[in-house]
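Notes for the one structure printed next.
Positions are given from 1 along the sequence. Atoms considered below: every heavy atom in the structure, side chains included; atoms not considered: hydrogens, waters and symmetry mates. This is a predicted model, so every value here is computed, not measured.
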Amino acid sequence: MATIMNDVPAPASGAGANVSPGYAAPRRRGIGINFRLVAFLAILSVPFFWVLYVFLDQAIHGGVNDHGSYATVDLKSMGNFPFDPVQGTYKDIPKRFMALDGRRVELEGQMYAPNAAGETVNEFQLVYNIQKCCFSGPPKVQERVFAIVPSNKTVRYFGQEVKVTGVLHVNIQKPAGEATTIYTLDVIKVKPL
């Protein structure tokens, strides 16, 4: 026997037509902040902001950050200009690097001592990247800093990335008509990175 319910009103047409009686939809709170998403996006954006910072710092300072008593110099920027080894003159060297002549500087690069066989050296070359030779030949004359340790002293040959502090000299040397040296450095301190 079928029971007919006449006292239950028919659902009204519209938005609440499918809602059963006794169920209330949760109220929406204001816009919430998902802190996990914000933290994830912040961590994800750090490398991009670092690259932007390095690019802007390079564009603003041109590879030379003056700290008063010394300057931090970007070795890659220091050699990033065209220079003809035969016809090149001091006019071809950017003024910001010419202004470093006789100043105390800090440079970071790879230590290269092709004539050294021991654990210590009294001279070496500082280059941005030794492996660069695999792609475009050996570093050009403007891409090398010839580091000279004071007489009667030596420094440990690290053969890796180092930070070198010393007095920079800009002096084009052309012993056989072709430049072999532009930058020399009187070494004060060498430490590995």
Side-chain angles (χ1 to χ4, degrees), residues 54-193:
V54 169
F55 177 75
L56 288 177
D57 182 57
Q58 180 71 1
I60 292 169
H61 297 108
V64 178
N65 290 324
D66 195 347
H67 302 286
S69 62
Y70 73 98
T72 304
V73 183
D74 178 46
L75 193 57
K76 185 174 184 178
S77 298
M78 200 168 157
N80 194 17
F81 63 92
F83 186 83
D84 185 327
V86 176
Q87 298 179 6
T89 66
Y90 289 102
K91 292 178 185 177
D92 299 323
I93 301 171
K95 291 179 184 177
R96 65 185 181 275
F97 301 124
M98 285 296 300
L100 295 172
D101 187 29
R103 290 213 42 211
R104 184 175 178 164
V105 298
E106 275 187 356
L107 299 165
E108 291 181 6
Q110 291 185 340
M111 201 174 193
Y112 176 61
N115 300 325
E119 292 183 9
T120 60
V121 294
N122 58 3
E123 62 182 38
F124 59 91
Q125 295 175 34
L126 193 63
V127 294
Y128 175 70
N129 190 341
I130 294 172
Q131 281 75 29
K132 183 181 175 189
C133 64
C134 301
F135 300 107
S136 62
K140 299 174 186 165
V141 66
Q142 69 267 29
E143 297 172 337
R144 303 170 187 236
V145 175
F146 292 85
I148 303 161
V149 181
S151 299
N152 304 326
K153 293 187 179 181
T154 59
V155 294
R156 185 169 170 224
Y157 179 60
F158 293 103
Q160 65 181 29
E161 291 268 333
V162 292
K163 179 183 279 191
V164 182
T165 305
V167 177
L168 184 73
H169 301 284
V170 182
N171 183 16
I172 299 173
Q173 296 176 13
K174 295 184 179 182
E178 184 172 332
T180 57
T181 306
I182 293 178
Y183 302 118
T184 58
L185 184 75
D186 297 333
V187 176
I188 297 171
K189 179 173 51 173
V190 178
K191 66 179 183 179
L193 290 178

Would you say Leu193 and Glu108 make side-chain contact, with heavy atoms under 4.5 Å? yes
Quick check for you: to the nearest 0.5 Å, what is the distance between Gln125 atom CD and Met111 atom CE? 11.5 Å
Can you list every side-chain hydrogen bond (donor to acceptor under 3.5 Å, both in side chains) pair that touches residues 77-88, not counting sequence neighbours? Gln58-Ser77, Asp74-Ser77
Which residues pass the side-chain hydrogen bond (donor to acceptor under 3.5 Å, both in side chains) test with Asp101, not counting sequence neighbours? none
If we only count heavy atoms from C-beta on, is the Thr181 to Asn171 side-chain gap below 4.5 Å? no
Within residues 176-188 or reaching into it, pairs that qualify as salt bridge (Lys or Arg N to Asp or Glu O under 4.0 Å) - sequence neighbours excluded: none
Sequence neighbours excluded, the answer for side-chain hydrogen bond (donor to acceptor under 3.5 Å, both in side chains) partners of Thr120 is none
Examine distances only and state if a side-chain atom of Lys174 and a backbone atom of Gly88 form a donor-acceptor pair shorter than 3.5 Å. yes
Does Arg144 reach the main-chain N or O of Pro139 with its side chain, forming a donor-acceptor pair under 3.5 Å? yes
Quick one: does Glu143's side chain get under 4.5 Å of Tyr128's, heavy atoms only? no
Would you mind telling me which of Val187, Val190, Val145 makes a side chain to side chain contact (heavy atoms under 4.5 Å, CB included) with Leu126? Val145
Considering only heavy atoms from C-beta outward, does the side chain of Phe124 approach that of Val155 to under 4.5 Å? yes
With sequence neighbours left out, the residues meeting side-chain hydrogen bond (donor to acceptor under 3.5 Å, both in side chains) with Tyr70 are none
Suppose the criterion is ring-ring contact (aromatic ring centres under 6.0 Å, His included): which pairs have a residue in residues 82-101, not counting sequence neighbours? none
